[in-house]
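Working notes, structure below.
Chain letters run A, B, ... following the sequence lines, proteins first and then strands; every chain starts at 1.
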There are 2 protein chains.
Amino acid sequence: MAAMARAATTTDAFNAVAEPRRRQILDLLSAGERPVNDLVAVLGLPQPLVSKHLRVLREVGLVDVRDVGRQRVYCLNGRHLKPIHDWVKAYEASWSRRFERLDDVLEELKDQEFKKKED
Amino acid sequence: MAAMARAATTTDAFNAVAEPRRRQILDLLSAGERPVNDLVAVLGLPQPLVSKHLRVLREVGLVDVRDVGRQRVYCLNGRHLKPIHDWVKAYEASWSRRFERLDDVLEELKDQEFKKKED
DNA sequence: CCATTATATGCCGATATCGGCATATGTCAA
DNA sequence: TTGACATATGCCGATATCGGCATATAATGG
């Protein structure tokens, strides 16, 4: 039982959405549920490949399936995207308020300088 | 030149942050810049491993480096996290307003039913 | 029952990945 | 210069991944 060389894709949502085609699938499903062949047609990918990606998404809980006749209708289940959102959201300041924050720091320094002079 | 079996991790931020230890490194750096050995100490990982993860983060632009004497000080550069944020943000409704939306749909259906009766 | 449609699985090859260990590179200090 | 410190790289092994192709499974229609 050697050490795992890599975290399995099937393990968490972070890995699942690291694959561009899987994001594409989720994007399609965000507009509404769809049977596999629909996705195949839109994506222009071989059906087995699409099924495999759907499997990964299913295993991390990002999509749900429903049987309708001989079709399998997939639908988005965004619940497991929330952890990703929460994680990146914490970094929002690092891009949107990057310079603002720098300004804040400078402002603070100026204040301290001012107080020193008051002494 | 055979087809690539997998998108290189070094390719984009999505793949880079799919690795838990790399997220951990970013989390540490979000509190402020740090030299490699600092990270090594906190993470409790072998130094070469940390250096390799830092390399990946560097290559996708998620961190910047600065030479200070014989140390290399890494700092966060959140710019490339924004695409991830933007992507997941579009799914916000799929978890936070999931049931609200379902209610909306039901409401809409009821309205249509009502109109039919009016004819 | 049989053929057709819809989807999932299995096996394969090429390659990328993580982690381990040894070692190269670079910088300071005496 | 020599040696200690800080970090990066190289090579390796085990394994996971994506995509291709063939095939299994499942449900429907005739």
Interatomic distance where CD belongs to A:Gln71 and C1' belongs to D:dT25 [whole Å] | 16 Å

When B:Asp38 and A:Gly69 are each assigned the nearest nucleotide of DNA chain D, the 5'-most assignment goes to B:Asp38

CG of A:Leu54 versus P of D:dC18: gap in Å, rounded?
-> 13 Å

Rounded to whole angstroms, how far apart are CZ on B:Phe14 and C1' on D:dC18?
-> 19 Å

Could you tell me if the ring centre of A:His85 sits under 6.0 Å from that of B:Trp95?
-> yes

Nucleotide nearest A:Val36 (side chain, heavy atoms from C-beta), chosen from D:dG19, C:dA8, D:dA6 = C:dA8

Out of C:dG20, C:dA22, D:dA22, whichever nucleotide has its closest atom nearest the side chain of B:Pro48 = C:dA22

Any idea which of D:dA22, D:dT9, C:dT7 is nearest the B:Arg55 side chain?
-> D:dT9

Under 4.0 Å between any heavy atoms, over every strand shown, what does A:Pro46 touch: base, sugar-phosphate, or nothing? Just pick one.
-> sugar-phosphate

Is it true that the side chains of A:His53 and A:Arg21 contain a donor and an acceptor less than 3.5 Å apart?
-> no

Atom CG of A:Asp67 and atom P of D:dA26: how far apart are they, to the nearest Å?
-> 11 Å

Starting at atom CZ of A:Arg70, determine the distance to atom C1' of D:dG29, rounded to an integer number of angstrom.
-> 7 Å

Would you kindly give the CD-to-P distance between A:Gln47 and C:dA6, to the nearest whole Å?
-> 11 Å

Whole-Å distance, B:Asn15 CG to D:dC18 P, equals 9 Å

Check whether any side-chain N or O of A:Asn37 sits under 4.0 Å from OP1 or OP2 of C:dT5, and answer yes or no.
-> no

Side-chain (A:Arg22) to main-chain (A:Ala16) donor-acceptor, under 3.5 angstrom | yes

Round to the nearest Å and state the distance from A:Arg34 atom CZ to C:dA6 atom C1'.
-> 16 Å

Establish, with yes or no, whether the OP1 or OP2 oxygen of D:dA6 is under 4.0 angstrom from a side-chain nitrogen or oxygen of B:Tyr74.
-> no

With the side chain defined as heavy atoms from C-beta on, B:Lys52 is closest, among D:dC11, D:dA6, D:dG20, to D:dC11

Any donor-acceptor pair under 3.5 Å linking the side chain of A:Ser30 with the backbone of A:Asp27?
-> yes

Where the side chain of A:Arg72 is concerned, which of C:dC11, C:dT7, D:dC18 is the nearest nucleotide?
-> C:dT7

At their closest point, which heavy atom of A:Arg23 faces which heavy atom of B:Tyr91, and how far apart are they?
-> O-OH, 4.1 Å

